[in-house]
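Report on the following structure.
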Amino acid sequence: MDEQARIMQTLGGVNLSGHPGQGGMTLPPPHGHDGTDVDGRKQDIGDILHQIMTITDQSLDEAQAKKHGLNCHRMKPALFSVLCEIKEKTGLSIRGAQEEEPPDPQLMRLDNMLLAEGVAGPEKGGGAAAAAAAAAASGGAAGDNSIEHSDYRAKLTQIRQIYHTELEKYEQACNEFTTHVMNLLREQSRTRPISPKEIERMVNIIHRKFSSIQMQLKQSTCEAVMILRSRFLDARRKRRNFSKQATEILNEYFYSHLSNPYPSEEAKEELAKKCSITVSQVSNWFGNKRIRYKKNIGKFQEEANLYAAKTAVNAAHAVAAAVQNSQTNSPTTPNSGGYSAPCYQSDGRIQ
DNA sequence: GCCCATGATTACTG
DNA sequence: CAGTAATCATGGGC
């Protein structure tokens with residue numbers, strides 16, 4: 001039994017003895033609640049503190065001995081029955097205070113969220129749920145930010161681990177404390193009447209206290225997941241300019257198909273591969289480009305001319321190479337960029 | 001720090 | 001569901 005328990009036990013024992021002032025542990029008489037005697041109360045508290053501070057193993061042993069003496073006292077059974085009687089009379093108020101706890105809606109919400117995020121619940125499902133959540137958050141664009149996905153999963157796993165460790169700790173502490181209190185009460189029940197109901201009530205109080213701590217844990221875990229998610233979503237929205245090369249390839253395609261700048265799915269895939277971006281990024285790019293070009297053709301004129309010239313040079317090179325090729329050995333016509341024939345005029349305008 | 005360019009998102013349409 | 005138009009939010013030049 002630890003020091004605290006011994007103190008409590010001693011206090012209980014001494015209190016019960018009804019002989020304050022003996023045995024080195026004196027508790028002040030109950031105080032009036034008028035609040036006028038503030039100085040006196042301070043003095044009392046000071047006394048109590050002093051008594052606690054001056055507790056020694058010796059005084060505790062003395063108290064134990066006194067308690068033992070009391071237990072063996074011939075008047076003890078009579079005193080015990082009187083206490084039982086008093087208890088019986090005051091028991092009504094305790095019974096009246098009985099309450100069945102309805103499930104806390106906030107706790108349920110937190111539980112549901114933790115379950116949905118894969119933090120609570122079975123391990124295997126957790127990872128899958130997290131991955132699914134991540135995929136859903138990315139708008140279904142598969143594979144485009146797998147780095148963030150794994151990062152997200154790793155962080156979520158970390159949160160999950162911390163959550164479970166803490167939860168376990170709380171549970172253990174709760175059990176330990178409950179056992180401790182029950183032992184204490186059992187011990188005390190030898191000198192004062194304690195009904196099983198009271199013990200149950202006490203256990204309930206302890207459990208409620210611990211579950212409120214658990215609720216805090218759940219709340220902060222939820223917050224952590226939320227922050228992680230928002231960061232993840234922010235990262236998704238973060239814009240990175242495409243490489244110069246990629247923009248060039250896209251522009252070349254756009255201006256060489258100015259009459260119909262709608263790449264087919266295959267063309268998009270090819271462009272995506274060439275630019276090291278996703279198909280949806282290619283679609284975004286063309287969507288943006290079309291609308292921006294249409295809105296201000298004048299502004300893009302120079303660019304259009306530039307790419308028209310570029311494509312023309314490419315085509316010329318291709319032709320030259322083809323001519324050279326045909327002159328040497330092969331009858332086939334090689335393709336410079338892999339694109340279809342440009343359908344632009346020399347000034348870059350749509351045909 | 002401002003301002004324009006630009007990639008991403010969203011609401012809407014056919 | 002692809003495409004349009006508007007809008008958001010950031011990058012980057014000045």
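These figures come from a predicted structure and were not determined experimentally. Here is how names work: the chains are called A, B, and so on, in the same order as the sequence lines, proteins then strands, and each is numbered from 1.
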Please give, in whole Å, the distance from dG7(B) P to Asn241(A) CG?
-> 6 Å

Please state how far atom CH2 in Trp285(A) lies from atom P in dA5(C), giving the value in whole angstrom units.
-> 17 Å

Picking from dA5(B), dA8(B), dG3(C), the nucleotide nearest the side-chain atoms of Arg292(A) would be dA8(B)

Between dG7(B) and Gln281(A), is there an OP1 or OP2 to side-chain N/O distance shorter than 4.0 Å?
-> no

Do any N or O atoms of the protein come closer than 3.5 Å to N or O atoms of nucleotides 1-3 of chain B, and which pairs are they?
none

Using a cut-off of 4.0 Å on non-hydrogen atoms, how would the nucleic acid contact of Lys289(A) be classed: base, sugar-phosphate, or nothing?
-> nothing

Rounded to the Å, how far apart are Asn288(A) CG and dG3(C) P?
-> 13 Å

Over how many whole Å does the gap from Arg240(A) atom CZ to dC8(C) atom P extend?
-> 22 Å

Ser283(A) meets the side chain to side chain donor-acceptor pair (under 3.5 Å) criterion, sequence neighbours left out, with Lys268(A)

Could you check how far CD of Glu303(A) sits from P of dC4(B), rounded to whole Å?
-> 18 Å

With respect to the phosphate group of dA6(C), does any side-chain polar atom (N or O) of Lys295(A) fall under 4.0 Å of OP1 or OP2?
-> yes

Check every strand shown and say whether Phe242(A) touches a base, only sugar-phosphate, or nothing at a heavy-atom separation below 4.0 Å.
-> sugar-phosphate

In chain order, what residues pass the side chain to side chain donor-acceptor pair (under 3.5 Å) check against Asn241(A), with sequence neighbours excluded?
-> Arg239(A)

Atom-pair distance (CD1 on Ile291(A); P on dT9(B)), nearest Å = 18 Å

Any Tyr262(A) side-chain N or O less than 4.0 Å from OP1/OP2 of dT4(C) | yes

Report yes if a side-chain nitrogen or oxygen of Asn284(A) is closer than 4.0 Å to either non-bridging phosphate oxygen (OP1 or OP2) of dG7(B); otherwise report no.
-> no

